[in-house]
Novice: 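Before we start, here is the structure in question, set down as structure tokens.
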Amino acid sequence: MTNTGAIGNAPLTGSDLRAFFERDAIAVARDLIGCHLLVNGSGGLITETEAYFPHDEASHSFRGPTKRNGAMFGPPGNVYIYRIYGMYWCLNFVCTPGSAVLIRALEPQSGIAGMIERRGTDVLTQLCSGPGKLCQALDIDIEINNRLLDRPPFSISRSAPVPITSGTRIGITKNAEVPWRFGIQGSRYLSKPFR
DNA sequence: CGGAAGATCCTCT
DNA sequence: GAGGATCTTCCGG
């Protein structure tokens with residue numbers, strides 16, 4: 001399958017941003033693959049995503065809004081950031097209320113020197129090959145939770161179509177069999193290969 | 001290279 | 001008080 005929705009590369013803003021995200025999280029997760037993400041000048045092509053839903057036991061929104069997951073019930077195109085295992089941050093983009101896409105990996109293109117410094121490695125394929133690594137590389141933390149993607153420090157734009165593959169989501173125990181993980185087929189910049 | 005285990009800290013039960 | 005949408009290191013094969 002190919003991402004056919006990608007035309008042009010101007011940043012998604014305002015009503016365009018809203019229209020892109022106000023859809024089924026699976027469609028959004030698929031269409032985000034190959035998009036270009038910048039955070040404070042660091043970023044690149046999104047290579048791996050996962051979709052989460054309110055009716056999905058693996059989702060933080062499964063039991064309704066709480067203090068922690070509040071941003072997940074914000075407007076389409078909102079950013080939801082949470083701490084995982086007491087050590088790392090994870091980045092999500094909100095779709096319809098309580099639905100979101102976890103950004104799991106990207107191919108570095110901009111601000112690589114800063115990523116190398118923050119990650120402590122110069123191996124390009126290991127800078128953003130996982131949700132926690134990606135946040136460390138892009139200097140993402142809770143300070144920029146609950147903001148829209150068309151405002152600083154964020155910028156997101158569509159890019160050229162890429163070949164898409166899918167599989168089961170990573171690191172969960174509940175609802176673990178659904179194929180709601182998406183990625184660039186054959187990319188070297190993934191958290192794990194697709195089977 | 002694959003599996004195991006430890007690090008570490010909230011939030012929600 | 002348990003349990004994570006993770007990562008790194010260490011160990012064995």
Side-chain angles (χ1 to χ4, degrees), chain A residues 21 24-33 35 37 39 42 46-74 76-108 114-146 149 165-184 187-195:
Chain A
F21 283 98
D24 185 287
I26 290 174
V28 176
R30 193 186 295 122
D31 290 349
L32 278 171
I33 298 300
C35 283
L37 171 71
V39 183
S42 291
I46 296 174
T47 59
E48 183 181 339
T49 60
E50 286 177 357
Y52 289 86
F53 296 90
H55 55 80
D56 168 14
E57 267 196 285
S59 175
H60 292 173
S61 57
F62 183 66
R63 293 173 197 282
T66 66
K67 181 175 181 180
R68 175 215 208 187
N69 68 18
M72 222 177 154
F73 293 85
N78 202 35
V79 167
Y80 167 48
I81 295 167
Y82 67 90
R83 216 185 210 338
I84 184 71
Y85 298 117
M87 308 192 63
Y88 300 97
W89 301 101
C90 289
L91 173 68
N92 298 257
F93 300 157
V94 176
C95 302
T96 53
S99 295
V101 174
L102 171 66
I103 309 303
R104 289 192 55 89
L106 66 77
E107 176 178 334
M115 295 192 206
I116 289 172
E117 189 172 336
R118 287 184 287 271
R119 286 279 299 123
T121 176
D122 61 0
V123 181
L124 297 189
T125 54
Q126 294 175 18
L127 292 178
C128 301
S129 54
K133 298 180 191 177
L134 185 153
C135 284
Q136 186 179 29
L138 302 190
D139 205 17
I140 290 167
D141 63 25
I142 197 67
E143 291 300 311
I144 50 177
N145 183 42
N146 206 24
L149 270 172
T165 188
S166 63
T168 53
R169 298 177 295 180
I170 302 216
I172 54 170
T173 54
K174 303 164 197 158
N175 208 8
E177 303 308 313
V178 294
W180 293 346
R181 174 183 180 226
F182 300 90
I184 297 182
S187 172
R188 296 152 55 226
Y189 300 89
L190 301 170
S191 68
K192 278 184 168 180
F194 285 80
R195 294 266 145 212

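The chains referred to below are lettered A, B, ... by the order of the sequence lines, with proteins before strands, and numbering in each begins at 1.
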Novice: Just so I know, are the side chains of A/Ile142 and A/Arg83 near enough to count as touching, which here means a heavy-atom distance under 4.5 Å?
Specialist: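 When only atoms from C-beta onward are counted, A/Arg83 and A/Ile142 do not touch, as no gap falls below 4.5 Å.
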
Novice: Strictly by Watson-Crick or wobble contacts shorter than 3.5 Å, is anything paired with C/dA5, and which nucleotide is it?
Specialist: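 Its partner is none (no Watson-Crick or G-U wobble pair with both distances under 3.5 Å).
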
Novice: Taking only the side-chain heavy atoms of A/Ser59 (C-beta and beyond), determine which of C/dA5, C/dT6, B/dC12 contains the nearest atom.
Specialist: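 Out of C/dA5, C/dT6, B/dC12, the nucleotide with an atom closest to A/Ser59's side chain is C/dA5.
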
Novice: Nearest to the side chain of A/Leu102, which nucleotide is it out of C/dT6, C/dA5, B/dA7?
Specialist: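 Nearest to the side-chain atoms of A/Leu102, counting from C-beta on, is C/dA5.
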
Novice: Do the side chains of A/Lys174 and A/Glu57 get close enough for a salt bridge, i.e. N-O under 4.0 angstrom?
Specialist: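 So A/Lys174 does not pair with A/Glu57 through a salt bridge.
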
Novice: Could you tell me whether A/Arg169 and A/Asp56 make a salt bridge, using a distance below 4.0 angstrom between a side-chain N and a carboxylate O?
Specialist: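 Counted as a salt bridge, because a side-chain N and a carboxylate O are separated by less than 4.0 Å.
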
Novice: Consider the side chain of A/Ile84, meaning its heavy atoms from C-beta on, and name the nucleotide among B/dT8, C/dG4, C/dC7 that approaches it most closely.
Specialist: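 Looking only at side-chain atoms, A/Ile84 lies closest to C/dG4.
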
Novice: Any donor-acceptor pair under 3.5 Å linking the side chain of A/Asn69 with the backbone of A/Gly64?
Specialist: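 Yes: the side chain of A/Asn69 pairs with the backbone of A/Gly64.
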
Novice: Quickly work out the A/Arg119 CZ to C/dT6 P distance and round it to whole Å.
Specialist: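 Computing the A/Arg119:CZ to C/dT6:P distance gives 14 Å.
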
Novice: Does B/dC9 have its OP1 or OP2 closer than 4.0 Å to a side-chain nitrogen or oxygen of A/Arg68?
Specialist: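 For B/dC9, OP1/OP2 do not have a side-chain N/O of A/Arg68 under 4.0 Å.
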
Novice: Tell me what A/Gly132 touches on the nucleic acid: a base, only sugar-phosphate, or nothing, going by heavy atoms under 4.0 Å.
Specialist: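 Answer is sugar-phosphate: A/Gly132 comes under 4.0 Å of backbone atoms only.
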
Novice: Check the distance between C/dA5's C1' and A/Ile172's CD1 and give it to me in whole angstrom.
Specialist: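 Value for this atom pair: 7 Å.
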
Novice: Is there, by distance only and without an angle test, a donor paired with an acceptor across the side chain of A/Tyr82 and the base of C/dA5 below 3.5 Å?
Specialist: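 For A/Tyr82, whose side chain was compared with the base of C/dA5, there is a donor-acceptor pair (under 3.5 Å).
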
Novice: Is A/Tyr52 stacked against the base of C/dA5, taking the criterion as centroid distance under 5.5 angstrom and interplanar angle under 30°?
Specialist: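 Here the ring of A/Tyr52 and the base of C/dA5 are stacked, with centres under 5.5 Å and planes under 30°.
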
Novice: Look at A/Arg83 and C/dT6 and indicate whether a side-chain polar atom (N or O) is within less than 4.0 Å of OP1 or OP2.
Specialist: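 It does not, given that no N or O in the side chain of A/Arg83 lies less than 4.0 Å from OP1 or OP2 of C/dT6.
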
Novice: When the distance from CG of A/Asn69 to C1' of B/dT13 is rounded to whole Å, what number comes out?
Specialist: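 Rounded to the whole Å, the gap is 15 Å.
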
Novice: Taking the minimum atom-to-atom distance to the side chain of A/Arg63, which one of B/dT13, C/dT6, B/dC12 wins?
Specialist: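 When the side chain of A/Arg63 is considered, B/dT13 is the closest of B/dT13, C/dT6, B/dC12.
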
Novice: Give a yes/no on whether any side-chain N or O of A/Lys133 is located under 4.0 angstrom from OP1 or OP2 of C/dT8.
Specialist: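 Yes.
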
Novice: Under a 3.5 Å threshold, yes or no: a donor from one side chain and an acceptor from the other, between A/Glu107 and A/Thr47?
Specialist: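 No.
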
Novice: Please determine, for C/dC10, whether a Watson-Crick or G-U wobble partner exists with both distances under 3.5 Å, and give it or none.
Specialist: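 Paired with C/dC10, as far as the under-3.5 Å criterion goes, is B/dG3.
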
